Amino acid sequence: MNEDIQFIIDSTKEGMDAAVRHLEKQFVNIRAGKASPAMLGSVMVDYYGSQTPLSQVANVNTPDGRTISVQPWEKNMLHEIEKAIMVANIGFNPMNNGDMIIINVPPLTEERRRELAKQAKAEAEDGKIGVRNARKDANNDIKKLDDASEDEKKIGEVEIQKLTDIYVKKIDEVLSVKEKEIMTV
């Protein structure tokens with residue numbers, strides 16, 4: 001196979017891998033019933049005038065399946081962290097006991113589970129769009145090649161389509177696992 005076409009296929013595979021990895025990161029942020037430090041991953045704290053991720057100013061732990069504890073490295077940051085969790089609007093009500101912040105993660109209602117499943121489907125569709133965009137870019141790059149025969153270009157496009165099918169199937173599998181996790185009570 002033409003070297004340029006092989007390079008395009010390899011770089012497309014990397015792009016599709018990146019789309020799946022991004023989807024998996026997004027799924028970590030979708031709550032599935034049990035407490036996880038990743039639930040607070042989007043919280044930014046005002047740390048002496050600059051917005052800093054919560055994980056860089058405190059230890060975030062889950063002592064049990066329904067509780068998240070946030071132990072700040074500096075006691076004077078307790079109020080700022082509490083405020084940041086409220087501002088992040090992730091549906092948690094932090095409790096400050098003077099030493100740490102404790103967040104009780106309420107069990108999900110059936111309606112909330114359905115909403116989260118819809119959100120997961122939307123994220124999966126975004127992942128599929130990323131895979132399809134990688135396919136479109138690769139096919140355009142193959143068509144622009146001057147030193148490849150028409151047969152080589154066709155073979156390259158078929159390989160790109162095979163990759164696309166593989167990665168769309170992978171996204172569907174990841175979505176299926178996440179949906180099952182969300183809907184399990």
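This is a predicted model, so every value here is computed, not measured.
Taken to the nearest 0.5 Å, the CG atom of D147 stands 8.0 Å off from the CD atom of E152. Atom CD of E157 and atom CG of N140 lie 9.0 Å apart (nearest 0.5 Å). A distance of 11.5 Å separates NZ in K136 from CG in D141, rounded to the nearest 0.5 Å. Separation of atoms CD1 (I5) and NZ (K154) is listed at 11.5 Å; rounding is to 0.5 Å. Interatomic distance, I182 CD1 to Q119 CD, rounded to the nearest 0.5 Å: 7.5 Å. With values rounded to the nearest 0.5 angstrom, D165 atom CG is found 10.5 Å from K169 atom NZ.
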Next on the checklist: Please evaluate residues R112 and E115 with respect to the criterion salt bridge (Lys or Arg N to Asp or Glu O under 4.0 Å), reporting the C-alpha separation (whole Å), side-chain torsions for both, the decisive distance (0.1 Å), and the verdict.
Outcome noted: CA-CA 5 Å; R112 182 68 180 141; E115 287 174 21; 3.1 Å; yes

Next on the checklist: If you apply the rule salt bridge (Lys or Arg N to Asp or Glu O under 4.0 Å), what do you find for E110 with R113, and how did you get there?
Outcome noted: CA-CA 5 Å; E110 184 67 27; R113 287 180 192 278; 5.0 Å; no

Checklist entry - side chain to side chain contact (heavy atoms under 4.5 Å, CB included) between L23 and D126: does it pass, once the steps are laid out? => result CA-CA 8 Å; L23 175 66; D126 288 345; over 6 Å; no

Checklist entry - Where do D10 and Q6 land on the side chain to side chain contact (heavy atoms under 4.5 Å, CB included) test, with the steps shown first? => result CA-CA 6 Å; D10 291 344; Q6 189 58 50; 3.1 Å; yes

Checklist entry - What's the verdict on side chain to side chain contact (heavy atoms under 4.5 Å, CB included) for V57 and E74, showing C-alpha distance, side-chain angles and the deciding distance? => result CA-CA 8 Å; V57 297; E74 299 175 33; over 6 Å; no

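Among all heavy-atom pairs drawn from N2 and A148, the shortest one is ND2-CB, 3.3 Å. Summarising the geometry of A120 relative to K178, their closest heavy-atom pair is CB-CG, 4.3 Å, with the distance given to 0.1 Å. When all heavy atoms of M86 and F92 are compared, the pair lying nearest together is SD-O, 3.9 Å. The two residues A19 and G127 make their nearest non-hydrogen contact at CB-O, 4.0 Å. Nearest heavy atom pair, residue D46 against residue M77, reads O-CE, 3.6 Å. Smallest separation of non-hydrogen atoms from A134 and M16: CB-CG, 4.0 Å.
Panel note: side chain Q56, backbone P53; no donor-acceptor pair is recorded below 3.5 Å. A donor-acceptor contact shorter than 3.5 Å is absent between the side chain of R66 and the backbone of N104. A side-chain donor-acceptor contact under 3.5 Å links T52 to the backbone of S50. Counting only distance, with no hydrogens or angles, the side chain of T12 and the backbone of I8 share a donor-acceptor pair below 3.5 Å. Under the 3.5 Å distance criterion, the side-chain polar atoms of N97 are matched with a main-chain donor or acceptor of D99.
In this structure, M100 is not a member of the same hydrophobic cluster as L54, with clusters built from ILVMFWY side-chain heavy atoms closer than 4.5 Å. Each of I85 and W73 belongs to its own hydrophobic cluster when Ile, Leu, Val, Met, Phe, Trp and Tyr are linked at side-chain heavy-atom distances under 4.5 angstrom. Linking ILVMFWY side-chain heavy atoms closer than 4.5 Å, directly or via other members, places M183 and L116 in a single hydrophobic cluster. Linking Ile, Leu, Val, Met, Phe, Trp and Tyr whenever their side-chain heavy atoms come within less than 4.5 Å puts V174 and L163 in one cluster. Put simply, L145 and I160 are part of the same group of oily side chains (I, L, V, M, F, W, Y) that touch within less than 4.5 Å, one to the next.
For CD of E111, the number of neighbouring non-hydrogen atoms (other residues, nucleotides, ligands) closer than 6.0 Å is 12 at most. The local environment of NZ in K153 is crowded, with over 12 non-hydrogen atoms from other residues, nucleotides or ligands closer than 6.0 Å.
Residues R135 and Q161 meet the side-chain proximity criterion, which asks for heavy atoms closer than 4.5 Å. Here the side chains of N96 and H79 are not in contact, with every heavy-atom distance at 4.5 Å or above. At least one side-chain heavy atom of L40 sits less than 4.5 Å from a side-chain heavy atom of I103. Here the side chains of V131 and K128 are not in contact, with every heavy-atom distance at 4.5 Å or above. You'll find the side chain of K118 stays beyond 4.5 Å of the side chain of R114, heavy atoms only. Inter-residue side-chain proximity for F27 and E181 is flagged as unmet; no heavy-atom pair is nearer than 4.5 Å. Contact of the Q71 side chain with the N61 side chain is not registered, since no non-hydrogen atoms from C-beta on lie closer than 4.5 Å.
Using a 4.0 Å cut-off between charged side-chain N and carboxylate O, R132 and E125 make a salt bridge.
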